[in-house]
2 protein chains.
Amino acid sequence: MPEPLRIVMADDNYLVREGARRLLEDSGEVVVQAAVGSAPELLDAVRRMRPEAVLTDIRMPPGAVPEGLPTYDSAAGPVNGAAQADRTGRAMEGIDAAHAIKAGHPEIGVVILSQYVDESYAFELFRDGTAGLAYLLKDRIGDLNRLLDALREVSRGGSVIDPQVVEALVTRRVRLRESPLAPLTARELDVLREMAQGRGNAGIAAELSLSESSVEKHVNAIFAKLGLTAEPLVHRRVTAVPTFLREAGLSG
Amino acid sequence: MPEPLRIVMADDNYLVREGARRLLEDSGEVVVQAAVGSAPELLDAVRRMRPEAVLTDIRMPPGAVPEGLPTYDSAAGPVNGAAQADRTGRAMEGIDAAHAIKAGHPEIGVVILSQYVDESYAFELFRDGTAGLAYLLKDRIGDLNRLLDALREVSRGGSVIDPQVVEALVTRRVRLRESPLAPLTARELDVLREMAQGRGNAGIAAELSLSESSVEKHVNAIFAKLGLTAEPLVHRRVTAVPTFLREAGLSG
DNA sequence: GTGTTTAACCGGGTGAACCCTCAGAGTGGG
DNA sequence: CCCACTCTGAGGGTTCACCCGGTTAAACAC
């Protein structure tokens, strides 16, 4: 049996953090040097402990965990967080922490755990390369070995990506290429964006410093490219807007 | 120290299920008779074990967990789930299971764990009363005692609701009353719904078996009640639609 | 029985949104 | 240099969406 792997782990959810820590330690294959609840605490623990690998949730609060909630530090025992900080809603603090860790300690592997497949997050995680990085889905970890294997793999510079995440990355590229917005020119997108905000042609003209007839020209082209042919009972302007909002959400 | 509480727990997430089970058992205050990964398995385990309390995630798949993923049954040891079943996307299987358990065994308490505050789920959980039921948020469980206290409370017929959930229930009622859609008559809502689907006045007239001038009359009243006064650069029809979609999502 | 509200519908008028044709300028590729 | 595309703009015409005032009928509350 190889020597246990030294890791630091982070999850702001108490049950996940303490439960996973217990499972990993009881396996005998991992030493959990710290189990923390926020991104700053994670970076601090990595600095102090120099683990071989890090296991973190993708959704990490940027501030400390709420006051009174304990985390675990093998050198100092349970510690209390600082004053409560509000969530920013950004779900990438785990990824930001991974990049920061990699920048400061390239030899430390990082395993990111995510509740959902989100190809934009995976894309962001791997933008500087995949070495020493893993992206796993919480609901598809069927036993502890899968997690232990990932930790070991990243600690020696390898990479592990859940197949569903790979598939999502591939389909994202295809959907962007096949988006109904793809044939629109930049100016047409400008006009459609203003249209989606409820502006009439005069309002769009004012906003983009164009004449109304130019706006009309663009609007007609937009309808044609989105395949919105004139139909007697349809209000095309209204139907163009959700198309734009849906596709804009995809790419922006 | 009182006698340990006998519980059955359910969560389709392996890390949460096995980690929480380990934490609870190590506390010495709980005996986990079964730890399962799906709603049917939960109901089956409750039938066989007759626990004093149940701890379940709100988001439970209706089918068995994927093949090969182990769950734990203290009488039978690790068991494998049946053939893989797709997720339905409904997040209330945990609540449906709670209702089923309460119907069959009123003396068994149920603790529901949820990742998010969702007042419609809480409303649904408590629609037949709150006795023997708890609704807790995973991210606000700071230590094991909070969970143990809830399990004990529901096992003796009490009720525990996270204050954030109570607040969400209260603000839901207020928001429904203050919705901009509240002053609209039923017929106006019909017209607005068709409008939101991109129909012109002629299309709405055809769909609702009305004349166009009746539709025009309703449309004008809708704009007035939504406070959408005529402004030179604004296309009111386009701005009415997201208002409707947002508010309809709230109450639907 | 009376009054109010909702729902339906019409006619007339105005303004905005399409829709087509024509035209000029700038940019980039072959 | 030529061609295609994008962007801009105008004029003329048609259609649709508002907007107002008026009417009738049904349902409900007082």
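Residue numbers begin at 1 in each chain, while the letters A, B, ... track the order of the sequences. Remember, it's a predicted structure, so these values are computed and weren't measured experimentally.
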Which protein N or O atoms sit under 3.5 Å from an N or O of nucleotides 4-7 of chain D?
residue : atom : partner   : partner atom : Å
dC7(D)  : OP1  : Arg187(A) : N            : 3.4
dC7(D)  : OP2  : Thr185(A) : OG1          : 2.3

(message) I need the single residue from Val160(A), Ile112(A), Ile95(A), Val110(A) that forms a side chain to side chain contact (heavy atoms under 4.5 Å, CB included) with Leu133(A). Which is it?
(response) Val110(A)

(request) Verify whether one side chain among Gln115(A) and Asp139(A) offers a donor that lies under 3.5 Å from an acceptor in the other. (result) yes

(message) Rounded to whole Å, please give me the gap between CG in Asn220(A) and C1' in dT14(D).
(response) 14 Å

(request) Take atom CG of Leu233(A) and atom P of dC18(C), then tell me their distance rounded to the nearest Å. (result) 16 Å

(request) Evaluate the ring planes of His235(A) and His235(B), with Trp represented by its six-membered ring, and classify them as parallel (under 30°), tilted (30 to 60°) or perpendicular (over 60°). (result) perpendicular

(request) Map Phe223(A) and Glu216(B) onto DNA chain C by nearest heavy atom, then report which one ends up closer to the 5' terminus. (result) Glu216(B)

(request) Measure the distance from CZ on Arg237(A) to C1' on dC16(D) and round it to the nearest whole Å. (result) 13 Å

(message) If I take atom CG in residue Asp190(B) and atom P in nucleotide dT6(C), what distance separates them, rounded to the nearest angstrom?
(response) 15 Å

Please list, pair by pair, any protein nitrogen or oxygen found under 3.5 Å from a nitrogen or oxygen in nucleotides 28-30 of chain D.
none

(message) What I'd like to find out is whether the side chain of Lys225(B) reaches to under 4.5 Å of the side chain of Thr185(B), using heavy atoms alone.
(response) yes

(message) Under 4.0 Å between a side-chain nitrogen and a carboxylate oxygen: does that hold for Lys138(B) and Asp162(B)?
(response) no

(message) Using side-chain heavy atoms (C-beta onward) and a distance below 4.5 Å, is Leu55(B) in contact with Val8(B)?
(response) no

(request) In whole angstrom, give the distance that lies between atom CG of Leu228(B) and atom P of dC18(D). (result) 11 Å

(message) Please compare Ser213(B) and His235(B) by the position of their nearest nucleotide in DNA chain C and report the one closer to 5'.
(response) Ser213(B)

(request) Inspect the surroundings of CD in Glu167(B) and state if more than 12 heavy atoms from other residues, nucleotides or ligands are less than 6.0 Å away. (result) no

(request) Measure the distance from CZ on Arg199(B) to P on dA17(D) and round it to the nearest whole Å. (result) 13 Å

(request) Using a heavy-atom cut-off of under 4.0 Å over every strand shown, decide if Ser211(A) touches base, sugar-phosphate, or nothing. (result) sugar-phosphate

(request) Rounded off to whole Å, could you give me the CD-to-P distance for the Glu212(B) and dG11(C) pair? (result) 13 Å

(message) Under 4.0 Å between a side-chain nitrogen and a carboxylate oxygen: does that hold for Arg193(A) and Asp190(A)?
(response) yes

(message) I'd like to know if Arg59(B) pairs up with Asp11(B) as an ion pair, taking the criterion as any Lys NZ or Arg NE/NH1/NH2 lying under 4.0 Å from an Asp or Glu carboxylate oxygen.
(response) no

